[in-house]
Amino acid sequence: MTESTNTGALPPFAESVLDLTERIPAGRVMTYGDVAEYLGQGGPRQVGRVMALYGGAVPWWRVIRADGRPLPGHEHRALGHYREEGTPLRSVGDEPRVDLRRARWDGQ
DNA sequence: ATAATGACGTCGG
DNA sequence: TCCGACGCCATTA
């Protein structure tokens, strides 16, 4: 059989990424690089790929870039969650960004 | 097999 | 702080 038939079965890596994302506590975030490093496999881009494909089923706003900037186009959506969860924000000019120094979660 | 792409990261200017 | 260039790694053309 081909990979077109294996519906419902996600790659181990994708499953790990999604599982870890769901484990991130409210008010905390992890960067793509941190997720890859924590899992010990793949890389930031591979984590990004997984989130792009299956991120809709998990709290995707808790996984952000290393510069603390949420997804372009989804900023408003993400900010709403941050405000609701009390995620440490840092106002840079007119655009609020996540304060990674305080919000970064190391898996504790 | 080579080139281009992407929800990225780090460094230098 | 902002911008560009290079590196990384799997997928796609």
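Here is how names work: the chains are called A, B, and so on, in the same order as the sequence lines, proteins then strands, and each is numbered from 1. Just the heavy atoms: all of them, side chains too, but no hydrogens, waters or symmetry mates, feed the values below.
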Just how far, in rounded Å, is [atom2] of [N] from [atom1] of [X]?
X: A:D67; N: B:dC8; atom1: CG; atom2: C1'; result: 9 Å
X: A:W60; N: B:dA7; atom1: CH2; atom2: P; result: 14 Å
X: A:I24; N: B:dA7; atom1: CD1; atom2: P; result: 18 Å

(Q) Roughly how many Å apart are C:dC2 and B:dA7, using the P atom of each and rounding to a whole number? (A) 22 Å
_Salt bridge check, A:E95 against A:R69: does any charged N sit closer than 4.0 Å to a carboxylate O?_
no
(request) Inspect the contact between A:D67 and A:R97 and indicate whether a charged nitrogen and a carboxylate oxygen are less than 4.0 angstrom apart. (result) no
(message) Taking the six-membered ring for Trp, are A:W61 and A:H74 closer than 6.0 Å centroid to centroid?
(response) no
- Message: Set out, in order, the CA-CA distance, both residues' side-chain angles and the distance that settles side chain to side chain contact (heavy atoms under 4.5 Å, CB included) for A:E15 and A:L18, then state yes or no.
- Response: CA-CA 5 Å; A:E15 193 174 328; A:L18 297 176; 6.0 Å; no
One should read off an interatomic distance between A:Y54 OH and A:L10 CG, to the nearest 0.5 angstrom, of 5.0 Å
Its contact letters, B for base, S for sugar-phosphate only and - for none at protein heavy atoms under 4.0 Å, make nucleotides 1-11 of chain C read SS-----BBSS
Notebook entry, point to check: Under 4.5 Å between side-chain heavy atoms, hopping through other hydrophobics if needed: is there a path connecting A:V92 to A:I64?
Noted result: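 No; A:I64 is not reachable from A:V92 via cluster members.
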TODO: Mind checking A:A52 for me? I need base, sugar-phosphate or nothing, with any heavy atom below 4.0 Å counting as a touch.
DONE: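 Base, at least one base atom sits under 4.0 Å.
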